[in-house]
A.B. asks: 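Just dropping this structure here.
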Number of protein chains: 2
Amino acid sequence: MRCPFCYFPETKVTDSRGADEGNTIRRRRECQQCNKRFTTYEMVEELPLMVIKKDGRRELFDRNKLINGLLRACEKRSISVGVIEELAVNVEKEIRNTLDREVTTQRLGETVMHYLKEIDQVAYVRFASVYRQFADIQNFMHELEVLMKQVSKPDHSK
Amino acid sequence: MRCPFCYFPETKVTDSRGADEGNTIRRRRECQQCNKRFTTYEMVEELPLMVIKKDGRRELFDRNKLINGLLRACEKRSISVGVIEELAVNVEKEIRNTLDREVTTQRLGETVMHYLKEIDQVAYVRFASVYRQFADIQNFMHELEVLMKQVSKPDHSK
DNA sequence: TGAGTAAACACAATATATTGTAATGACGTT
DNA sequence: AACGTCATTACAATATATTGTGTTTACTCA
């Protein structure tokens with residue numbers, strides 16, 4: 001590993017610890033030439049994930065964007081940011097586990113809804129109304145009725 | 001290092017090579033439980049880089065945002081995602097190499113344009129029209145004329 | 001301001017990664 | 001179709017990283 005200060009190619013590890021619940025390794029290294037120290041992280045390679053929009057345009061999947069969309073859907077719903085972040089992480093994991101490198105906004109939205117339904121029904125309908133773009137009021141009412149039948153389900157917000 | 005597939009905490013290195021001119025180390029690892037293999041990269045910790053917008057607001061530099069902007073500029077131009085990512089990586093490297101922890105959107109945009117000009121002229125003009133926000137048609141035409149003089153240059157799109 | 005968390009530092013015993021060499025497969029280019 | 005490049009795989013000898021324990025400092029939050 002090359003020294004980021006003097007660009008000498010050899011550096012030695014002085015310390016090495018798991019981080020981020022074991023998902024990464026943090027190392028301290030020392031340059032053999034200038035003796036300066038620096039920190040490195042080893043982490044799993046992330047393949048770029050493209051999102052295909054309805055009009056065919058592609059863009060890079062962006063976790064923050066997803067979280068922001070969820071925050072909007074969950075506004076005033078007393079769902080903690082932590083729960084929302086966890087939801088986003090779960091969705092991203094599920095999508096990435098398919099090994100496809102592309103996903104349509106539709107499938108992305110449906111995956112989100114699948115999880116969101118279990119957490120907060122109002123947020124679910126808000127999100128659905130944006131992602132599904134209900135063709136008409138009938139569809140929307142139908143969705144609402146399906147929801148009403150689940151009133152007994154517990155609230156998972158932390 | 002935890003397995004990204006089964007989340008078992010112990011994995012072993014099966015191979016380890018320098019990459020990116022020695023700036024990173026690429027390792028192949030194998031899970032002790034499910035025996036699946038995956039790739040990891042060890043790289044120097046990145047200091048947060050602030051982008052200063054025209055109105056003075058600061059925000060964290062976001063690589064995905066840059067790539068998405070480039071994807072938009074390169075729409076329908078038959079430039080592969082790989083080339084765009086490489087461009088973004090080069091821009092980020094150049095900016096980070098200055099050792100400043102802040103960069104104006106202007107300088108960021110100009111760095112992008114510098115590279116983009118070499119790759120695709122149409123994309124360059126699209127990007128320029130957004131980033132430079134040409135004050136008037138005269139400026140835009142001037143930029144176009146400069147471009148026209150380079151018609152002889154080869155097309156670098158892969 | 002005091003508690004809690006995380007990064008940095010040191011040291012020593014043990015386990016594991018690194019490196020060269022070489023062959024194969026995938027991909028993009030000519 | 002042939003070529004170059006690069007990721008992947010394998011194997012073996014050697015060098016180096018890892019892990020526990022413990023201390024110090026810095027920063028955030030109550």
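Side chains included, hydrogens not; waters and symmetry mates left out as well; all remaining heavy atoms used. Below, chains carry the letters A, B, ... as their sequence lines are ordered, and counting in each starts from 1.
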A.B. asks: Please determine if B/R96 and B/E46 form a salt bridge, counting it only when a charged side-chain N lies under 4.0 Å from a carboxylate O.
C.D. replies: yes
A.B. asks: Which heavy-atom pair separates A/L66 from A/V112 by the least distance, and what is that distance?
C.D. replies: CD1-CG2, 3.8 Å
A.B. asks: May I have the distance from A/D15 (atom CG) to D/dG20 (atom P), rounded to whole angstrom?
C.D. replies: 12 Å
A.B. asks: Could you check whether B/E30 pairs with B/K36 (Lys NZ or Arg NE/NH1/NH2 to Asp/Glu carboxylate O, under 4.0 Å)?
C.D. replies: no
A.B. asks: Picking from C/dT21, D/dT18, D/dA17, which would you name as closest to the side chain of B/R17?
C.D. replies: C/dT21
A.B. asks: Could you grab the distance from atom CD of A/E42 to atom CG of A/N23, nearest 0.5 Å is fine?
C.D. replies: 12.0 Å
A.B. asks: Looking at DNA chain D, which of residues 24-51 of chain A put a heavy atom within less than 4.0 Å of it?
C.D. replies: A/R27
A.B. asks: Rounded to the nearest 0.5 Å, what's the gap from CZ on B/R58 to CD1 on B/I52? Could you check?
C.D. replies: 4.0 Å
A.B. asks: Using five base pairs at each end, measure the axis-to-axis angle across the helix from C/dT1-D/dA30 to C/dT30-D/dA1 and round it to 10 degrees.
C.D. replies: 100°
A.B. asks: Would you name the heavy atoms of A/R26 and A/T39 that are closest together and state the gap between them?
C.D. replies: CG-CG2, 3.5 Å
A.B. asks: Looking only at non-hydrogen atoms, find the nearest pair between A/P48 and A/R101 and report the distance.
C.D. replies: O-NE, 3.7 Å
A.B. asks: Around B/E59, counting heavy atoms of other residues, nucleotides and ligands shown, do more than 12 lie under 6.0 Å from its CD?
C.D. replies: yes
A.B. asks: Send over the distance from B/E86 CD to D/dC6 P, rounded to a whole Å.
C.D. replies: 11 Å
A.B. asks: Over how many whole Å does the gap from B/M1 atom CE to D/dT19 atom C1' extend?
C.D. replies: 16 Å
A.B. asks: What is the distance, to the nearest angstrom, from the CD atom on B/E10 to the P atom on D/dT18?
C.D. replies: 14 Å
